[in-house]
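Throughout, protein chains are lettered first and strands after them, A, B, ... in sequence-line order, and every chain is numbered starting at 1. Worth knowing before you read on, the calculation uses all heavy atoms, side chains too, and leaves out hydrogens, waters and symmetry mates. The structure presented is a predicted model; accordingly, all values stated were derived computationally and were not measured.
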Amino acid sequence: MSNLLLCQGNFCTFLCPHGDDLCLNSLKDLFNRATNLSQDIYNLSSKMFKEFDKRYAQGKGYITMALNSCHTSSLPTPEDKEQAQQTHHEVLMSLILGLLRSWNDPLYHLVTEVRGMKGVPDAILSRAIEIEEENKRLLEGMEMIFGQVIPGAKETEPYPVWSGLPSLQTKDEEARHSAFYNLLHCLRRDSSKIDTYLKLLNCRIIYNNNC
Amino acid sequence: MKENAASRVLFILLLFLYASLLNGQSPPEKPKLIKCRSPGKETFTCWWEPGADGGLPTNYTLTYHKEGETLIHECPDYKTGGPNSCYFSKKYTSIWKMYVITVGAINQMGISSSDPLYVDVTYIVEPEPPMNLTLELKHPEDRKPYLWIKWSPPTLTDVKSGWFSIQYEIRLKPEKATDWETHFAPKLTQLKIFNLYPGQKYLVQIRCKPDHGYWSEWSPESSIQIPNDFPVKDTSMWIFVGVLSAVICLIMVWAVALKGYSMVTCILPPVPGPKIKGFDIHLLEKGKSEELLRALESQDFLPTSDCEDLLMEFIEVDDSEDQHLMPHPSKEHMEQGVKPMHLDPDTDSGRGSCDSPSLLSEKCDEPQAYPSKFHIPEGPEKLENPETNLTCLQAPQSTNREGKIPYFLANGPKSSTWPFPQPPSLYSPRYSYHNIADVCELALGMAGTTATLLDQTDQHAFTPSKTIETGGEGKAAKQRESEAYSSEPDQDMAWPLLQDKTPLFSAKPLEYVEIHKVSQDGVLALFPKQNEKVDAPETSKEYSKVSRVTDSNILVLIPDLQAQNLTLLEESAKKAPPALP
């Protein structure tokens with residue numbers, strides 16, 4: 001196709017208005033890489049959570065404390081398919097960016113604090129390090145996509161700030177493990193959100209809802 | 001009265017209780033939630049396992065509340081999912097939210113409730129198997145035949161919008177086989193299978209997995225019969241392989257045939273020629289080599305201890321014997337102590353030095369020593385380069401004095417140009433060795449040293465005196481090992497020396513051995529010397545036949561058999577020292 005028409009309801013915009021293949025291909029490529037990264041981040045965080053659960057959380061009931069504990073819950077993210085499909089791609093992209101940015105800081109501290117945990121399996125630490133790295137890369141990619149799909153838009157939305165560092169550093173081991181459990185549980189969920197939203201956007205923008 | 005009534009009621013109750021206990025009725029046991037599953041991330045179903053019902057009809061109720069809400073809801077649909085299940089439709093399903101679900105059992109006797117189950121729909125996705133599995137045998141022309149498998153995504157999964165992402169896995173096997181052959185298909189809904197066995201009935205199954213979630217069940221088996229005449233292999237591939245191997249064999253045979261000679265030479269390497277940088281071919285051609293050589297000979301460049309032995313070894317050779325070199329004495333020979341010098345004192349010179357033993361010690365493998373140029377490196381810095389070592393080949397002395405002489409050429413004006421000394425014919429057999437050996441020595445010691453050597457004209461280098469023996473050795477050693485010669489100012493001396501030398505060698509121009517080629521390790525292969533008149537101081541070139549190359553890169557030349565040359569050389573040698581500055 002020579003033009004990429006993005007319609008939301010009755011409102012349509014032209015992506016790559018000059019119809020050059022370079023623009024289309026680069027956008028396709030960007031989305032491809034972004035979805036690969038987001039899938040990888042999800043896989044890593046899922047494994048990391050399971051590993052931690054098996055090792056430190058058996059029979060402890062940390063899950064009860066983990067309800068409502070995510071710092072990103074203030075973001076108005078869609079929660080089922082219909083809601084997501086009705087969300088404008090610009091909003092979705094802003095949400096993705098907000099999520100990615102709000103995880104920069106916690107991931108950094110997660111790596112630092114996990115290192116300090118005695119007896120932490122390498123599977124957890126190495127995954128934490130990799131997730132932190134990939135999160136940064138995905139953020140960069142998303143910013144590029146955002147710039148291409150919505151040129152000229154300023155995406156300086158405020159993002160939720162994480163304040164759970166003290167609980168990660170507490171001396172009480174039970175409390176500390178519970179805090180880690182929370183963080184990993186929220187990470188798994190948010191990475192799943194990012195992955196799903198990206199795939200939705202990919203199919204909507206690049207493949208015109210015909211993946 | 002009242003008391004009577006109360007006690008009566010109590011009694012009846014107790015009786016009733018007792019009766020029920022006798023019947024085995026009890027409150028229900030705790031039910032247990034087994035699992036919850038979502039087929040498409042849009043709805044989900046939970047199943048539980050009831051405990052013992054206590055003998056009474058028991059009702060089960062499922063209640064839940066969502067994360068962040070306090071309101072407790074009851075299951076919207078107990079039917080759709082089958083018995084002991086609860087189905088949550090789209091309306092009631094939220095993703096990325098924790099559900100806290102509990103099942104309660106109630107009967108006449110009591111109530112019990114299960115442990116809560118914490119469920120997030122995101123992580124409980126398990127799709128149905130893929131649908132519409134079709135198998136088709138295709139046999140296009142000019143291409144390999146294959147089995148074309150097609151399918152469609154399972155129900156309830158919205159792949160088009162991107163909400164649901166799936167990967168597929170197919171497995172197939174011949175009906176009678178035990179092991180399945182599995183194939184992975186990341187996104188497409190078709191697969192081509194090659195290399196099937198004809199006459200077999202194949203069974204095919206497929207399953208799928210969401211990007212976050214569980215594998216589905218295997219689909220029901222589909223089968224297909226491969227006809228007997230189904231071509232299995234593509235013979236063109238084998239033809240190609242056969243042709244390629246034939247071509248490779250032909251190439252190898254051709255290469256062997258062509259390079260057969262060089263392979264032989266690899267195994268039996270030709271005698272290397274000397275390689276000296278810095279020699280000026282023109283000077284040598286002029287016949288000044290003799291002078292230079294004499295000058296070189298007169299210097300204090302004696303070989304190393306090895307050379308000393310070599311020198312002595314050389315001295316022992318009787319040049320009246322056959323033309324071939326004496327068999328190569330072992331290295332130990334050379335390293336042994338000083339050997340008695342059989343050479344005439346006057347013919348023994350420092351030049352004999354290291355090279356001489358090599359002459360004797362090694363047979364000359366290559367009768368032909370081709371002329372070539374090799375350059376003695378310039379300047380002192382070149383002294384350090386072992387690569388430029390000159391390999392001197394000198395033939396053993398023979399009655400025929402028409403020996404071949406290595407032919408050294410200088411690089412340029414700065415480099416010392418080393419006209420070669422007279423052919424062995426000018427000297428006594430042994431002496432000619434010396435000469436050439438000396439030249440070789442000098443060459444080995446590089447250009448830088450030559451000038452200094454010339455400068456350091458040592459009288460006994462040229463005078464065949466016995467002092468030369470010991471002195472020569474030392475000098476040769478010095479020459480070999482010294483790297484501190486400054487050649488520049490001294491090199492100019494070479495020329496005058498050479499000039500001076502010419503009259504000494506008037507009887508016979510310096511003869512050169514043409515170098516055929518320089519091998520990789522700096523060994524010169526020389527042309528054999530052509531027999532010419534020795535007496536006439538001609539400009540014609542005379543060559544020494546190269547006998548062999550020693551380990552220390554010394555050319556061993558076949559000595560010239562003409563005695564006259566020897567005499568001439570001797571005279572020249574005597575005269576040379578005074579001429580040297």
Side-chain angles (χ1 to χ4, degrees), chain A residues 31-32 35-36 38-43 45-47 49-50 53 59 61-70 72-75 77-86 89 92 99 185-186 188-211, chain B residues 33 36 38-44 64-72 88-102 115-125 127 152-153 156-168 186-189 209-214:
Chain A
F31 264 110
N32 200 29
T35 50
N36 284 340
S38 64
Q39 174 74 48
D40 199 42
I41 292 174
Y42 172 77
N43 288 339
S45 57
S46 181
K47 285 183 188 142
F49 175 82
K50 283 179 186 159
D53 186 38
Y62 290 147
I63 186 70
T64 53
M65 305 297 292
L67 296 180
N68 291 320
S69 68
C70 294
T72 51
S73 50
S74 61
L75 280 174
T77 51
E79 276 166 4
D80 61 32
K81 190 180 87 166
E82 280 69 32
Q83 282 182 30
Q85 283 183 319
Q86 282 156 22
H89 62 269
L92 264 184
L99 280 169
H185 163 261
C186 292
R188 178 166 78 144
R189 169 182 293 174
D190 284 345
S191 59
S192 170
K193 275 188 190 174
I194 292 167
D195 186 43
T196 307
Y197 297 157
L198 261 176
K199 283 169 178 164
L200 264 179
L201 281 174
N202 182 39
C203 284
R204 196 194 291 183
I205 292 174
I206 306 291
Y207 296 97
N208 206 21
N209 277 323
N210 197 18
C211 266
Chain B
L33 276 160
C36 298
S38 167
K41 220 157 66 172
E42 297 178 53
T43 65
F44 72 105
Y64 68 93
H65 73 91
K66 287 200 221 174
E67 178 181 357
E69 292 173 15
T70 48
L71 201 60
I72 297 181
F88 295 81
S89 62
K90 278 190 199 178
K91 186 173 155 195
Y92 297 101
T93 307
S94 300
I95 319 292
W96 303 300
K97 243 185 169 44
M98 201 69 87
Y99 281 71
V100 185
I101 301 170
T102 320
D115 292 331
L117 181 69
Y118 295 86
V119 171
D120 188 331
V121 178
T122 323
Y123 313 126
I124 56 163
V125 182
S152 39
L156 306 173
T157 56
D158 185 358
V159 183
K160 281 204 184 314
S161 71
W163 180 253
F164 205 88
S165 308
I166 310 186
Q167 312 160 9
Y168 300 98
K187 286 215 171 85
L188 294 176
T189 55
K209 176 185 181 293
D211 48 1
H212 328 147
Y214 301 97

Looking at B/Tyr123, I'd like to know if the NZ or CZ of A/Arg188 sits under 6.0 Å from its six-membered ring centre while staying within 45 degrees of the ring's axis. yes
Counting only non-hydrogen atoms closer than 4.5 Å, does A/Asp195 touch chain B with its backbone (N, CA, C, O), its side chain (CB onward), both, or neither? side chain
Taking the side chain as every heavy atom from C-beta outward, state whether B/Lys91 and A/Glu82 have any pair of such atoms under 4.5 Å apart. no
Counting only heavy atoms closer than 4.5 Å, note whether B/Glu67 contacts chain A via side chain, backbone, both or neither. both
Please rank A/Gln39, A/Lys193, A/Gln83 by heavy-atom pairs under 4.5 Å with chain B and give me the top one. A/Lys193
B/Tyr118 and A/Leu67, any side-chain heavy atoms less than 4.5 Å apart: yes
Please look at B/Thr122 and chain A and tell me whether the side chain, the backbone, both or neither of the residue comes under 4.5 angstrom of a heavy atom of that chain. side chain
Test side-chain contact (heavy atoms from CB on, under 4.5 Å) applied to A/Asn68 and B/Met98, step by step: CA-CA 9 Å; A/Asn68 291 320; B/Met98 201 69 87; over 6 Å; no
Can you say whether B/Val100 sits under 4.5 Å from chain A via the side chain, the backbone, both, or neither, judging by heavy atoms? side chain
Is the shortest side-chain heavy-atom distance between B/Asp211 and A/Lys199 below 4.5 Å? yes
Measuring heavy-atom distances to chain A, does B/Ser161 have an atom under 4.5 Å in its side chain, in its backbone, in both, or in neither? both
Between A/Asn210 and B/Lys160, does any side-chain donor sit less than 3.5 Å from a side-chain acceptor? yes
Taking side chain as everything from C-beta outward and backbone as N, CA, C, O, which of these in A/Glu79 sits under 4.5 Å from a heavy atom of chain B? Side chain, backbone, both or neither. both
What part of A/Asp80 gets closer than 4.5 Å to chain B, counting heavy atoms only: side chain, backbone, both or neither? both
Let me confirm one number: the CZ-CG distance from A/Arg189 to B/Asp120, rounded to the nearest 0.5 Å. 5.0 Å
Would you kindly say whether B/His212 and A/Asn43 are connected by a side-chain donor-acceptor distance under 3.5 Å? no
Could you measure the distance from the CD1 atom of B/Ile95 to the OG1 atom of A/Thr77? Nearest 0.5 Å is fine. 11.5 Å
Is there a donor-acceptor contact under 3.5 Å linking the side chains of A/Ser192 and B/Trp96? yes
Highest number of heavy-atom pairs under 4.5 Å with chain A among B/Pro116, B/Ser94, B/Gly162 belongs to B/Gly162
Region of B/Lys41 in contact with chain A, defined by heavy-atom distances below 4.5 Å: side chain
